[in-house]
Amino acid sequence: FFLPLFFFFFWCTTLSVTMSEEDEEMYDFEYSDEDMDGYDEEEDSIVIQSNTYYETKDLLEDREDEAVKRFETLLAEEASSETGRTEWGFRALKQLVKLHFRAGRFREMLEAYRRLLDYVIDASVTRNQGEKAINSLLEYVSAAPDVSVPPDLRLSRAASSFGILRRTASTDSTTSASSSSANGSKSNGEGSDEVADRPPADISYILQHFYKITLDVLEKANNDRLWIKTNLKLGNWHFHRGEYTKLARIVKSVRQKMEERDDDMFLLELLALQIQMYTAQKNNKELKDLYHRCIKVKKTGVLHPLNMGVIYECGGKMYLAEGDVEKASGDFYQAFLHFDEAGSPHRIVCLKYVILASMLQLAEIDPLSGVEAQPYRKHEEIAPLLELADAFQKRGEGMVRFENVMRKHEHKIMSDPLFAQYFGKVVAAVRKQVLCDLVKPYTRVRIPYISEELHIPAPAVEDLLVSLILDKELEGRIDQMNQILILRPPTNVSRSRTHMYENIDRWNQSLETVSKNVTSKFF
């Protein structure tokens with residue numbers, strides 16, 4: 001019994017040892033020098049850089065200072081390696097620009113940005129990567145709110161090329177005076193290197209040089225396309241700050257560059273920027289010509305909905321200023337559709353203008369009856385206006401409800417400049433309608449009574465009555481001595497009664513003629 005079992009175990013053990021030896025022979029590779037020729041140290045270095053970048057990026061949320069140090073270490077390792085400038089150094093610099101900007105380290109921010117632009121100049125990254133990073137940083141910096149810049153920051157003339165900030169010693173008045181004289185003598189000696197230092201009032205001073213650096217580099221690199229896009233961004237920034245003189249200079253330079261290139265790729269974007277400037281300046285003559293030109297350009301092809309939204313919105317404001325409320329309402333709705341297509345939050349503003357135009361138009365229909373506008377009816381900025389529009393449409397019931405809604409949402413309604421400009425006309429329209437309905441049954445009405453019903457002082461009532469009488473909406477006159485409105489039947493009623501009497505007279509004459517004829521036959 002045990003002997004067969006012993007031979008079985010012996011056979012299994014021998015078989016296992018034999019297979020192990022065969023496996024070792026099968027997987028026992030010998031590496032020669034020829035096999036090592038495929039190893040790439042540069043590729044290994046790039047992999048290390050990419051790992052370092054992503055590990056450091058994870059520190060951005062809670063350990064920014066450590067992230068700055070590790071990004072700088074990555075850049076130092078890149079500089080000492082044989083790989084030269086790589087995509088990971090470029091990405092690290094992009095993160096450093098944002099980190100320094102958030103921390104208020106503007107000198108370091110501009111220095112990091114200068115180093116980043118070097119990658120673009122010598123084509124260390126692709127053209128698409130360079131443009132994407134520059135656009136991203138410009139939008140990031142431009143979107144920042146104004147913040148105060150430390151008073152000891154001064155910007156030298158060198159900033160016109162690379163925007164390097166330096167800190168001047170200002171510990172005491174003696175040091176300050178000596179540094180001022182030193183700067184003065186240096187300026188006289190070198191001329192173009194230094195200018196009189198001045199502290200920037202806010203972040204706008206830094207941003208202007210940020211843009212200046214970018215434009216200088218793009219011009220040297222002959223990247224006209226990105227140069228135009230950057231100028232348009234700068235122009236838009238000046239527009240929002242109300243700096244129309246600087247904006248006009250940018251529009252002129254961009255137009256010249258486009259004419260040199262014979263390229264209309266950014267024509268509509270330029271026109272949209274220009275039309276916004278004319279709208280803000282209330283230059284309706286130039287605005288009207290430019291608006292119709294934009295509409296013609298639109299018919300030539302498919303254009304970006306965001307630009308078309310801007311153009312239609314400005315067109316609506318233009319028509320509103322001219323008193324053509326119907327066209328204004330149509331343009332505001334078109335602007336809403338284009339902003340909605342582009343996914344812009346500005347669509348809500350245009351919907352508010354549609355409601356405003358409908359009230360100025362004395363419309364009795366729902367201003368947001370369109371299918372596209374339905375999802376926004378309960379929006380926090382739209383719902384109060386719809387409630388007001390409903391009270392406006394039911395103005396025949398009196399002023400009470402309209403005024404209650406107005407008081408309830410006054411801040412939301414009047415915070416918009418266009419509403420603040422035109423809402424007085426809406427209120428006047430409601431008061432006129434209520435006044436006409438109030439005095440309709442009477443021939444004489446005391447002005448103090450109207451004042452009580454409309455909740456406005458007597459002089460304002462007189463102004464309304466004068467306006468209605470001049471517009472022939474009321475037939476009557478004002479007895480200012482006795483404070484009485486004396487009404488007479490409207491002209492059309494008098495004419496209808498005269499016409500009725502004339503018909504009765506003709507009928508009477510016809511009866512007399514028939515009577516005479518009948519009488520003559522019998523007698």
Side-chain angles (χ1 to χ4, degrees), residues 282 313 316-333 348-368 377 379-440 442 445-474 476 478 483 485 487:
K282 295 182 170 53
E313 182 188 358
K317 291 178 180 178
M318 176 190 72
Y319 284 127
L320 208 57
E322 293 178 349
D324 195 339
V325 185
E326 187 176 352
K327 286 185 178 179
S329 179
D331 271 21
F332 283 139
Y333 197 77
I348 300 299
V349 176
C350 290
L351 269 187
K352 290 166 65 177
Y353 294 163
V354 170
I355 299 172
L356 172 64
S358 74
M359 288 191 286
L360 289 171
Q361 208 175 349
L362 305 180
E364 299 292 341
I365 60 173
D366 183 0
L368 302 188
R377 296 183 67 89
H379 190 276
E380 60 180 359
E381 293 184 41
I382 299 298
L385 289 174
L386 286 176
E387 186 180 353
L388 187 69
D390 183 61
F392 176 81
Q393 291 172 5
K394 297 175 181 177
R395 54 192 177 275
E397 300 176 3
M399 288 292 297
V400 177
R401 186 186 172 199
F402 183 84
E403 288 180 344
N404 288 340
V405 175
M406 183 63 194
R407 278 194 294 269
K408 180 181 175 183
H409 303 294
E410 184 175 5
H411 177 70
K412 290 182 179 179
I413 294 170
M414 301 306 289
S415 60
D416 189 286
L418 198 69
F419 268 83
Q421 181 180 354
Y422 288 99
F423 201 72
K425 294 184 178 181
V426 175
V427 176
V430 176
R431 286 174 177 165
K432 285 180 179 180
Q433 181 66 49
V434 173
L435 194 155
C436 288
D437 293 340
L438 184 66
V439 303
K440 193 173 183 179
Y442 307 104
V445 185
R446 293 177 60 252
I447 291 177
Y449 168 72
I450 301 174
S451 175
E452 291 176 8
E453 292 295 322
L454 296 183
H455 306 110
I456 56 175
V461 173
E462 289 186 21
D463 291 339
L464 277 177
L465 290 172
V466 169
S467 175
L468 289 168
I469 291 170
L470 291 176
D471 292 339
K472 299 186 184 301
E473 295 181 43
L474 277 181
I478 300 172
Q483 288 286 286
L485 170 66
L487 295 165

- Scanning both residues in full, the closest heavy-atom pair of Phe332 with Gly316 reads CZ-C, 3.5 Å
- Intermediate values then yes/no, side chain to side chain contact (heavy atoms under 4.5 Å, CB included), Met359 and Phe423: CA-CA 9 Å; Met359 288 191 286; Phe423 201 72; 4.2 Å; yes
- Note, Lys432 side chain near Leu468 side chain (heavy atom, < 4.5 Å): yes
- Message: Contact between Ile469 and Ile478 at the side-chain level, heavy atoms closer than 4.5 Å - yes or no?
- Response: yes
- Task: Supply the atom-to-atom distance Glu452 CD to Ile447 CD1, rounded to the nearest 0.5 angstrom.
- Result: 13.0 Å
- Task: Using modelled atom types only, decide if a donor and an acceptor are shared between the side chain of Asp471 and the backbone of Glu473 within a distance under 3.5 Å.
- Result: no
- Rounded distance (nearest 0.5 Å) linking atom SG of Cys436 with atom CG of Leu465: 9.0 Å
- Message: Quick check for you: to the nearest 0.5 Å, what is the distance between Asp324 atom CG and Met318 atom CE?
- Response: 9.0 Å
- Any side-chain heavy-atom pair from Arg431 and Ile456 closer than 4.5 angstrom? yes
- Residues Val405 and Ala391: closest non-hydrogen pair is CG2-CB, 4.3 Å
- Message: Main chain of Leu368, side chain of Arg377: is a donor-acceptor contact present, judged purely on distance under 3.5 Å?
- Response: yes
- Side-chain contact test, heavy atoms from C-beta onward, threshold under 4.5 Å: evaluate it for Leu438 versus Tyr449 and give yes or no. yes
- Run the numbers on Glu387 and Lys408 for side chain to side chain contact (heavy atoms under 4.5 Å, CB included), then give the verdict. CA-CA 10 Å; Glu387 186 180 353; Lys408 180 181 175 183; 3.9 Å; yes
- Query: Got a sec, which residues hit ring pair (Phe, Tyr, Trp, His ring centres under 6.0 Å) with Tyr333, two or more places apart in sequence or on another chain?
  - Reply: Phe336
- Taken to the nearest 0.5 Å, the spacing of Leu474 CG from Ser467 OG works out to 9.5 Å
- Query: Are the side chain of Ser415 and the backbone N or O of Lys412 linked by a donor-acceptor pair below 3.5 Å?
  - Reply: yes
- Note on the structure: Looking only at heavy atoms, the pair that brings Ser451 and Val461 closest together is CA-CG2, 3.7 Å
- Item | Sub-4.5 Å side-chain heavy-atom contact between Tyr353 and Leu320 | no
- Task: Could you tell me which residues satisfy ring pair (Phe, Tyr, Trp, His ring centres under 6.0 Å) with Tyr422, sequence neighbours excluded, listed by chain and number?
- Result: none
- Task: Please name the residue in the list Glu381, Glu313, Glu380 that meets the salt bridge (Lys or Arg N to Asp or Glu O under 4.0 Å) test with Lys352.
- Result: Glu381
- Do Val325 and Tyr319 have side chains that get closer than 4.5 Å, going by heavy atoms? no
- Message: Tell me whether Glu326 at atom CD has more than 12 heavy atoms from other residues, nucleotides or ligands lying less than 6.0 Å away.
- Response: no
- Between CE of Met406 and CD1 of Ile413, what distance do you get to the nearest 0.5 Å? 5.0 Å
- Query: Does the pair Leu454 and Leu464 meet the rule for a side chain to side chain contact (heavy atoms under 4.5 Å, CB included), with working shown?
  - Reply: CA-CA 11 Å; Leu454 296 183; Leu464 277 177; 4.2 Å; yes
- Task: Hey, could you give me the CG/CG distance between Asp390 and Leu385, rounded to the nearest 0.5 Å?
- Result: 12.5 Å
